[in-house]
Structure formats: C-alpha cells, structure tokens
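Each chain gets a letter, A, B and so on, in the order the sequences are listed, and its residues count up from 1.
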Protein chains: 2
Amino acid sequence: MPNPPLGPSLESLYPNFENLPPGQRRILSAALELFAEKGYAATSTGAIAKSAGVAEGLIFKHFRSKKELLLQLARPLLLEVFFPLSLRRIQAIMAQKHPHLKNLLEALLRERLAFVKQHHRLLRLVIQEIWLHPELLQSLQEQFETQLRPDIETQLKHFQTQAQIREMPFGTALRLILSALMGLIIPRVLLFPDWPWQEEAEIQATLQTLIQGLAPEAQP
Amino acid sequence: MPNPPLGPSLESLYPNFENLPPGQRRILSAALELFAEKGYAATSTGAIAKSAGVAEGLIFKHFRSKKELLLQLARPLLLEVFFPLSLRRIQAIMAQKHPHLKNLLEALLRERLAFVKQHHRLLRLVIQEIWLHPELLQSLQEQFETQLRPDIETQLKHFQTQAQIREMPFGTALRLILSALMGLIIPRVLLFPDWPWQEEAEIQATLQTLIQGLAPEAQP
DNA sequence: TAAATTAGTGAGTAATCACTCACCCAAGGG
DNA sequence: CCCTTGGGTGAGTGATTACTCACTAATTTA
C-alpha cells in the first residue's frame with residue numbers, strides 16, 4: 001500500500017478532545033488539515049470556518065488569534081510526534097530488560113512509522129511551521145528536557161555498559177539515532193509516499209546500519 | 001564560533017548574478033533574506049521592495065508574479081544545496097582513486113557543512129518551501145536523475161566491489177548517507193546554531209557511525 | 001425564576017495584499 | 001534627431017485579510 005492512509009488525527013491525540021464543544025472540534029480538525037496542506041500563512045480564517053461549517057467569528061470565540069489556534073493545535077502534539085518514548089507501547093518495551101539494542105530500535109522504528117503514516121498531516125504541519133515560530137521549537141525543547149531526557153539517558157547508558165553502543169556523549173547518540181529514523185520516515189511518508197518502496201528492506205537496512213554504526217570500534 | 005556567519009549568498013551561486021540590472025539583484029537578495037526569515041507566504045511584495053530600496057512595481061517588471069520570484073530564486077540553487085557532488089571541489093576529490101570511503105565522506109561532510117554555514121538562508125528557504133510547492137521537489141528530482149545519479153551510482157558501486165559498503169540497493173545507500181549528513185547539518189546550522197557544539201567530535205562520530213554502519217556485516 | 005454564562009452567528013471594518021498602469025529617464029540605432 | 005527599448009517609479013485597484021461586535025438561543029447558576 002503505497003499511499004499513507006488518511007486517518008482522523010485529533011480524536012486519539014488531543015487531550016480530552018471529545019469533551020470540547022463541537023464547533024471547536026470542527027475548527028481544530030479543519031485547521032489541521034488546511035495548515036498541513038497549504039501552510040499556516042496561506043490559510044485564511046475564512047477558509048477554516050467554511051471548511052469546518054461554522055461562522056468565522058466562532059474561531060475567535062475559542063482562540064484569541066489565528067496564531068494561538070496554530071499553537072494550541074501543535075503544542076500538545078509536539079511531544080507525541082517527535083518523542084515516541086513517551087508512548088505507552090514503547091515504554092512497555094523499555095520496561096523489559098532487553099538483551100539487544102536492535103529489539104528496542106526495531107520496535108521504535110516500526111511504531112513510529114505506523115504512527116506517522118496515520119498522522120502524517122500533523123508531522124507535515126510541525127515540520128513546516130517549526131522554522132517560522134520559535135515558540136514551537138522552544139516548547140519542544142522544554143518538554144524534552146523535563147520529561148524525556150532522564151529516561152532516555154539511563155536507557156542509553158545501559159546499552160553503553162553492555163558495549164552495544166560505544167562511548168560517546170548522550171546528545172551525540174541521540175542525534176545519530178533520530179537522524180537515522182527520520183531519514184526513513186520523512187522520505188517514506190512525506191516526500192515520496194507514492195514510490196514503490198520496499199519498506200521491509202528499508203527498515204532492515206536502516207536498523208542494520210544504525211546498530212553496526214553505534215557499536216564499538218572493531219579491535220584489529 | 002557558535003553563530004553561522006551571515007554571508008552574501010547569491011553573488012557566488014546565482015548564474016551570472018553580476019550581469020543582472022542592479023534593481024533585480026537587490027530584489028533577489030532582499031527576497032531571499034525575507035523569505036528565509038518569515039516564510040514565502042508571510043512576506044509581502046511591499047516588504048521586499050522596501051527592503052531592497054526599489055519601487056514595488058519593479059518586482060513585477062522582472063518577475064511575472066511573486067511565485068515566479070520564489071521559483072527563480074530557488075530552482076537554480078536547489079542542486080547546489082542538496083547535491084554537493086556537483087561541486088568542482090568534490091569532483092576533484094572523486095577524480096582521485098580514493099582508497100577509503102572515509103576520505104570521500106569526510107571531504108563531503110566538511111565541504112557541505114561549510115557551504116551551508118555560509119548559505120544557511122538558502123537552505124532554510126528551500127526546506128521551508130519544498131513542502132508547499134511541488135514544482136520545487138519535482139525539479140529537484142529531475143536534476144538529480146539526469147545529472148547526478150549516474151556519477152554517484154558508479155562511485156558507490158566502486159566502494160561496494162571494494163567491500164567498503166555492503167550489498168544494498170543504490171537508493172538505500174544514498175538515503176542512509178544523506179540522512180546521516182543532514183542529521184548533523186540541520187541541527188548544527190538551522191535548529192540550534194547557538195549551542196556549544198563540539199563540532200569536530202560530532203563530525204568524527206557521524207563519519208565513524210556511517211562507515212561502520214555501511215560496512216559489510218562482520219562474519220562470526 | 002432571574003441572572004449570568006456559554007456556544008454560535010454573520011454582517012461589518014480597517015488594513016493589507018498582489019498586481020497594474022501611466023509615466024520618467026537615459027542610451028542606442030536608423 | 002526622432003524613436004524605440006529597458007530600467008525604474010509610485011499612485012492606484014479590487015480582492016482578501018484577521019478580527020470585532022451586536023445579536024440569538026440554550027444551559028447553568030444563584
């Protein structure tokens with residue numbers, strides 16, 4: 001199946017989305033779709049209202065400005081998009097004492113790939129707008145530092161003592177892992193979703209490369 | 001030096017930039033700066049004209065529309081930004097019979113990092129707008145297929161016969177290499193230019209990971 | 001039950017948008 | 001010496017923009 005399926009995004013991700021008034025829900029959904037497709041700046045509030053089937057004024061009853069609509073859309077979801085370790089499924093895997101780094105990375109990559117296929121609009125929106133709205137990048141950093149860094153750091157240290165990852169700073173290891181994962185996810189889902197991807201082979205090649213790459217240097 | 005220097009971008013990249021009428025040059029420079037900073041859609045032609053110190057009407061003397069200004073800015077530069085192998089300096093390195101993959105990748109990474117530090121506005125512009133203007137992505141693909149693919153493919157095959165890269169499809173190897181390079185360049189130059197980067201260590205870690213990762217599997 | 005709060009409407013507004021047009025000026029060419 | 005051509009000007013245009021406001025209607029609170 002070459003095309004990522006278009007699924008409802010917000011219901012399963014936005015905190016207590018179902019308890020919001022229906023108008024606000026329709027606005028958020030329509031805004032996500034239009035922002036992702038045409039970009040924030042090129043999407044008018046009139047178009048959002050029309051697509052949501054509500055009066056334009058209602059947008060400004062629920063959100064003080066168009067920009068706040070963007071931030072309220074993106075902020076609660078940033079963590080979910082970029083830091084999969086916050087997911088319960090992955091935490092469950094990490095709770096086990098995994099013998100091999102490969103098992104963790106494979107679960108991570110497969111889970112993230114499926115997640116992004118389902119919520120590709122959201123990833124698109126974030127990747128498009130993070131360069132233009134420094135608040136987004138900053139809140140992403142804050143959430144990471146406070147909520148995720150400790151967990152990931154101990155996990156990586158564990159693999160380092162097991163000599164599955166060679167000695168290197170935490171930030172470096174994180175960067176190498178994330179760029180390998182994103183290097184598959186972004187072209188697969190966002191840039192060239194219609195290519196005839198050999199997805200399983202790409203997953204295996206990515207994991208193999210990452211694991212060999214992170215391993216300690218072979219002693220001659 | 002944590003901050004990437006802001007250098008003149010177009011003089012050295014745009015084909016026969018110096019022969020263009022001065023008004024057009026000022027417009028292109030101002031548009032590049034503003035598009036990269038605020039995004040294409042959020043930049044008005046009035047702001048471009050003001051920043052360039054020309055009348056707004058002059059923009060439409062030289063470019064049929066605002067969008068064509070964007071395309072004329074981006075298209076001739078896409079290849080330079082994303083496909084460093086077109087550069088003479090790198091071609092010179094490739095002309096030698098390199099004994100080791102590492103020499104090529106190291107030259108590539110260092111050259112690209114320096115290039116992007118100098119032209120970070122341009123990379124920013126392309127990364128921001130490529131999601132919203134399919135023409136950009138398409139012309140990028142075309143240029144790659146016709147001009148670069150053959151060279152790179154033979155070069156990679158050469159490394160495969162030397163057993164420095166294990167057996168894998170061309171597209172896969174290219175993707176793995178590009179994501180490793182971009183995974184250093186993008187955070188270093190665009191996302192967190194002000195961090196206290198240990199740049200030399202990051203370069204070495206990236207190369208080491210990539211070379212180990214691409215190598216044939218160790219036989220037990 | 002009166003009052004206040006909340007969801008939702010849709011016409012209205014001042015500002016801004018991309019783009020046009022009539023015009024100026026200088027340099028060549030016949 | 002006229003006349004075309006091309007770089008450059010800046011006021012003007014209709015459309016679009018984000019946002020406001022006076023107004024229902026229904027539900028909650030006192």
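Distance A:K38 NZ to D:dT16 C1': 12 Å, rounded to the nearest Å. In this structure, NZ of A:K67 is placed 14 Å from P of D:dA18, rounded to the nearest angstrom. Counting to the nearest Å, the P atom of D:dA18 and the CG atom of A:L69 are 11 Å from each other. Rounded to whole Å, atom P of D:dA18 lies 12 Å from atom CG of A:L34. Between A:E56 atom CD and D:dA22 atom C1' there is a gap of 17 Å when expressed in whole angstrom units. At whole-Å resolution of the value, NE2 in B:H62 and C1' in D:dG7 are 6 Å apart. One can place CG of B:L58 at 9 Å from C1' of D:dT9, the figure rounded to the nearest angstrom. Here C:dT20 presents its C1' atom at 16 Å from CZ of B:R64, a figure rounded to the nearest Å.
A donor-acceptor contact closer than 3.5 angstrom links the side chains of B:Q204 and B:E200.
One finds the CD atom of B:Q138 at 12.0 Å from the CG atom of B:L78 (value rounded to the nearest 0.5 Å).
Applying the 3.5 Å distance criterion, the base of C:dG8 shares a donor-acceptor pair with the side chain of A:K61.
Using a 4.0 Å heavy-atom distance criterion, B:G23 is classed as a sugar-phosphate-only contact.
Between A:P76 and A:Y14, the closest heavy-atom pair is CG-CE1, 3.9 Å. Nearest heavy-atom pair across B:Y40 and B:K66 is O-NZ, 3.1 Å.
For B:S44 and C:dC17, the shortest distance from a side-chain N or O to OP1 or OP2 is below 4.0 Å.
Between B:H119 and B:F115, the ring planes lie tilted relative to each other; the angle falls in the 30° to 60° range.
Taking every side-chain heavy atom of A:T45 into account, D:dA18 is the closest of D:dG7, C:dA18, D:dA18. Distance from the side chain of B:A55 is smallest for D:dT9 among the nucleotides C:dC19, D:dT9, D:dG7.
Residue whose closest nucleotide on DNA chain D sits further toward the 5' end, between A:F60 and B:P21: B:P21.
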